[in-house]
Amino acid sequence: MVQFQQPQLKRIVTPMTQTKFTLGEASRETGISKATLSRDIKSGKISADKRPDGSYQIDASELFRVYDRVPQETRETGSTGTLRNDQKPGETPIETGGLQAEVNRLREVLATLNMERERERSQLSDQIEDLRRRLDGETEERRVLTRILTDQRTQPPEPPTAPPADSRGFFGRLFGKTG
């Protein structure tokens, strides 16, 4: 009897067929550093199973739900460039310039508003001070006018009038009547 040998099929592991990744494998697949992946696991952004040795296993579907996959050629060449989370987010000089211009414009508007507010505050303070001076001046004016309109000089007391020596009236004295 002739035995046929089954050809040994080498299982090719791709992100679609591999169901679990270690932190290192997940880092290579996504371009995210292991420290960031670990931090995201601890914060709950991504879920992972903790193995008895303390390492994590991340399900492929969970990993690619949160992060994009790095192109295959980058993974194959083992590019040692910086990982995506280690570099500053890509901003073009045009975007930065436009944002900086907007920030500068808003600062100018804010400075103008602050100057206007200070000017108005100063005007109101001056107006309040002027009204206080007027009120104090009117009070003094009223006192002077009151003294002028009402004779407030001290009058000497009137001497008591003595009764006439003759208590008869004029006609009584004229006709000589007593009475």
Side-chain angles (χ1 to χ4, degrees), residues 1-140:
M1 181 157 135
V2 179
Q3 282 190 342
F4 289 102
Q5 275 191 329
Q6 290 283 336
Q8 290 290 339
L9 296 176
K10 184 177 178 183
R11 184 171 179 216
I12 299 173
V13 178
T14 65
M16 299 311 252
T17 59
Q18 184 175 356
T19 58
K20 302 275 184 178
F21 291 108
T22 64
L23 280 180
E25 293 168 341
S27 177
R28 279 189 298 279
E29 289 291 325
T30 61
I32 305 295
S33 70
K34 291 193 298 185
T36 301
L37 288 170
S38 178
R39 186 174 43 247
D40 289 346
I41 290 169
K42 289 177 184 171
S43 72
K45 182 176 179 181
I46 186 171
S47 63
D49 298 324
K50 194 166 192 173
R51 298 194 307 199
D53 64 354
S55 63
Y56 291 105
Q57 278 192 323
I58 305 169
D59 190 54
S61 61
E62 179 67 9
L63 180 66
F64 298 124
R65 175 186 68 83
V66 178
Y67 302 109
D68 293 330
R69 186 177 296 131
V70 172
Q72 182 70 25
E73 60 273 1
T74 305
R75 284 180 283 165
E76 289 173 355
T77 60
S79 161
T80 58
T82 58
L83 297 174
R84 284 187 294 161
N85 64 321
D86 294 336
Q87 51 184 297
K88 196 172 182 183
E91 291 180 351
T92 63
I94 294 171
E95 290 172 346
T96 305
L99 293 174
Q100 189 61 42
E102 181 71 13
V103 167
N104 290 340
R105 187 186 69 76
L106 291 173
R107 284 183 179 154
E108 289 174 7
V109 168
L110 183 61
T112 303
L113 289 173
N114 282 335
M115 287 180 4
E116 180 69 21
R117 186 180 63 192
E118 285 300 319
R119 185 184 62 77
E120 287 177 358
R121 181 178 289 148
S122 176
Q123 285 178 342
L124 290 173
S125 295
D126 291 346
Q127 188 176 12
I128 289 170
E129 189 61 34
D130 182 51
L131 289 172
R132 283 184 180 151
R133 276 194 307 265
R134 283 184 183 180
L135 184 61
D136 291 343
E138 285 180 8
T139 303
E140 185 59 33

**Student:** List for me each residue that meets side chain to side chain contact (heavy atoms under 4.5 Å, CB included) alongside E129, sequence neighbours excluded, and say none if there are none.
**Tutor:** R132, R133
**Student:** Please identify each residue that fulfils side-chain hydrogen bond (donor to acceptor under 3.5 Å, both in side chains) with E102, with sequence neighbours left out.
**Tutor:** R105
**Student:** Could you state the interatomic distance from OH (Y67) to CD (E29), rounded to the nearest 0.5 Å?
**Tutor:** 14.0 Å
**Student:** Under the salt bridge (Lys or Arg N to Asp or Glu O under 4.0 Å) rule, what pairs show up with a residue in residues 48-60, not counting sequence neighbours?
**Tutor:** K20-D49, R51-D53
**Student:** To the closest 0.5 Å, what do you measure between CD1 (I58) and OG (S27)?
**Tutor:** 9.5 Å
**Student:** Can you name the side-chain hydrogen bond (donor to acceptor under 3.5 Å, both in side chains) partners of S47, sequence neighbours left out?
**Tutor:** E62
**Student:** Taking all atoms of both residues into account, what is the closest heavy-atom pair of I46 and R65, and its distance?
**Tutor:** CA-NH2, 4.4 Å
**Student:** Could you pull out all residues at least two apart from E108 that satisfy salt bridge (charged side-chain N to carboxylate O under 4.0 Å, His left out)?
**Tutor:** none
**Student:** Do T36 and S33 meet the criterion of a side-chain donor-acceptor pair at a distance under 3.5 Å?
**Tutor:** yes
**Student:** Going by side chain to side chain contact (heavy atoms under 4.5 Å, CB included), name the residues that satisfy it together with N104, two or more places apart in sequence or in a different chain.
**Tutor:** Q100, R107
**Student:** Taking C-beta and beyond as the side chain, do L37 and Y56 meet within less than 4.5 Å on heavy atoms?
**Tutor:** no
**Student:** Among all residues two or more places apart in sequence or in another chain, which pass the side-chain hydrogen bond (donor to acceptor under 3.5 Å, both in side chains) test with R117?
**Tutor:** N114
**Student:** About how many Å separate OG of S55 and NZ of K34, when rounded to the nearest 0.5 Å?
**Tutor:** 10.5 Å
**Student:** Q127: what forms a side chain to side chain contact (heavy atoms under 4.5 Å, CB included) with it, not counting sequence neighbours?
**Tutor:** L124, L131
**Student:** Tell me every residue that passes side-chain hydrogen bond (donor to acceptor under 3.5 Å, both in side chains) with Q123, counting only those two or more places apart in sequence or in another chain.
**Tutor:** R119
**Student:** Using the side chain to side chain contact (heavy atoms under 4.5 Å, CB included) criterion, which residues pair with S43? Sequence neighbours excluded.
**Tutor:** D40, K45
**Student:** If you measure from CG on D68 to CD1 on I32, what distance do you get to the nearest 0.5 Å?
**Tutor:** 8.5 Å
**Student:** So which heavy atom on A60 is nearest to which on F21, and how close?
**Tutor:** CB-CE1, 3.5 Å
**Student:** Quick one: pull up CG in L23 and CD in Q57 and give me the separation to the nearest 0.5 Å.
**Tutor:** 10.5 Å
